[in-house]
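These figures come from a predicted structure and were not determined experimentally. One-based numbering, in listed order, for ligands and for the atoms of each.
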Amino acid sequence: MKRINIAIDGYSGCGKSTLAKDLAGALNYTFIDSGAMFRGLTHYCIRHGIDMYDAGAIAELIQNRPSIVFDSKSNHLLLNGIDVETQIRNDQKVVSSVSFVAAVPHVRTYLKELQQEYIANKGVVMDGRDIGTVIMPDAELKVFVTATIEERVFRRLQQLKGQGESVTEEEVKTNLVERDRADANRSAAPLKKALNSVCFDTTNFTRESQLEAILSIARPKIDPEKYLPFIQ
Ligand code: CDP
């Protein structure tokens, strides 16, 4: 059996990370949440009092090369060795600023360097916005995930409420729509479907059924001998 890399891209809050995490668990692969790395860098900028609209100041600050590590044992983000998972998910300043920080070319260059360190040995499932187009253009399987805006708002609201956060439906919707717009329209590595990716609308799928659907595409790529009679 060979080991492959799997790229999962798509819009905000459509379940990319859940799918990527479940796939990695089922295949015994490493899950990397690239969005957590952008959130971690945004948290770092906020802590240094940087104006989020000042791309020059952000670029200058990251010359310090802060350590940004996605720990695939805990699935938490470590910034300079400190676990900042709660801050990057729940701090509304991070949530509302991350797409500005992610549009800065220096930020993308720095994180691309770190993200590509993970993929050399194969067996990686990474989710984000530019994974199939820029970070792992050679990934053996690329999935572009979508879901209706109503379903995405519902899922994110459930997730935040489960964590005891008090946010309104309108706030969640506005944030998802604005991040999608910013991510799809920036000039540096915009969110777009890789030409050779599988488009997957998860709106009516349960967590288990979406995992099964993508595993059924991944398995023949991992073990072609076994599936040859079916794909000829
Ligand atoms: O979980 P959710 O889909 O809401 O977002 P995320 O994956 O944690 O990503 C947060 C933000 O980071 C996105 O809205 C993008 O602005 C940025 N991002 C990016 O530009 N490129 C990536 N590969 C991953 C995230």
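Among all protein heavy atoms, the one lying closest to atom 24 (C) of ligand 1 is Ser34 OG, 3.3 Å. The single protein non-hydrogen atom nearest to atom 7 (O) of ligand 1 is Arg129 NH1, 3.2 Å, given as residue, atom name and distance. In terms of protein heavy atoms, atom 21 (N) of ligand 1 is closest to Arg108 NH2, 2.9 Å.
Against a heavy-atom cut-off of under 4.0 Å, Gly13 is close to the following atoms of ligand 1: 2 (P), 3 (O), 4 (O). Near Val98, meaning under 4.0 Å from one of its heavy atoms, ligand 1 places the atoms 11 (C), 12 (O). For ligand 1, the atoms closer than 4.0 angstrom to any heavy atom of Gly35 are 6 (P), 7 (O), 8 (O), 9 (O), 24 (C), 25 (C). For ligand 1, the atoms closer than 4.0 angstrom to any heavy atom of Phe38 are 12 (O), 18 (N), 19 (C), 21 (N), 22 (C), 23 (N), 24 (C), 25 (C). Every atom of ligand 1 is numbered from 1 in the order shown, and the set under 4.0 Å from a heavy atom of Ala102 is 16 (O), 17 (C), 20 (O). Near Asp183, meaning under 4.0 Å from one of its heavy atoms, ligand 1 places the atoms 13 (C), 14 (O), 15 (C), 16 (O). Each of the following atoms of ligand 1 lies closer than 4.0 Å to a heavy atom of Lys16: 3 (O).
His48 and Tyr44 have their aromatic ring centers within a separation under 6.0 angstrom. Tyr53 and Phe100 have their aromatic ring centers within a separation under 6.0 angstrom.
Distances shorter than 4.0 angstrom do not occur between any heavy atom of Gln115 and any atom of ligand 1. Residue-ligand proximity: Ser17 is placed with every non-hydrogen atom at 4.0 Å or more from ligand 1.
When non-hydrogen atoms are compared, ligand 1 lies under 4.0 Å from the side chain of Arg179 (C-beta onward) but not from its backbone. The proximity of Glu178 to ligand 1, defined as any non-hydrogen pair under 4.0 Å, does not occur for either the backbone or the side chain. At a heavy-atom distance under 4.0 Å, no atom of Met37 approaches ligand 1.
Inter-residue side-chain proximity for Asp138 and Asn5 is flagged as unmet; no heavy-atom pair is nearer than 4.5 Å. Residues Ile6 and Ile131 are not in side-chain contact: their nearest non-hydrogen atoms beyond the backbone lie 4.5 Å or more apart. Counting heavy atoms from C-beta outward, Leu114 and Val69 have side chains that stay 4.5 Å or more apart.
Residue Arg207 is tested with Thr202, Asp22, Thr18 for a side chain to side chain donor-acceptor pair (under 3.5 Å); the sole match is Asp22.
The pair Glu85-Arg89 meets the salt-bridge criterion, with a side-chain N (NZ, NE, NH1 or NH2) lying under 4.0 Å from an Asp/Glu carboxylate O.
Looking at Gln159 and Arg156, their side chains do bring a donor and an acceptor atom within 3.5 Å of each other.
The N/O atoms of Asp130, backbone and side chain alike, include one that comes under 3.5 Å of an N/O atom in ligand 1. On a distance-only criterion, Arg156 and ligand 1 share at least one N/O pair closer than 3.5 Å.
A side-chain donor-acceptor contact under 3.5 Å links Tyr29 to the backbone of Ile4. Judged purely by atom type and a 3.5 angstrom limit, Arg152 uses its side chain to pair as donor or acceptor with the backbone of Ala147.
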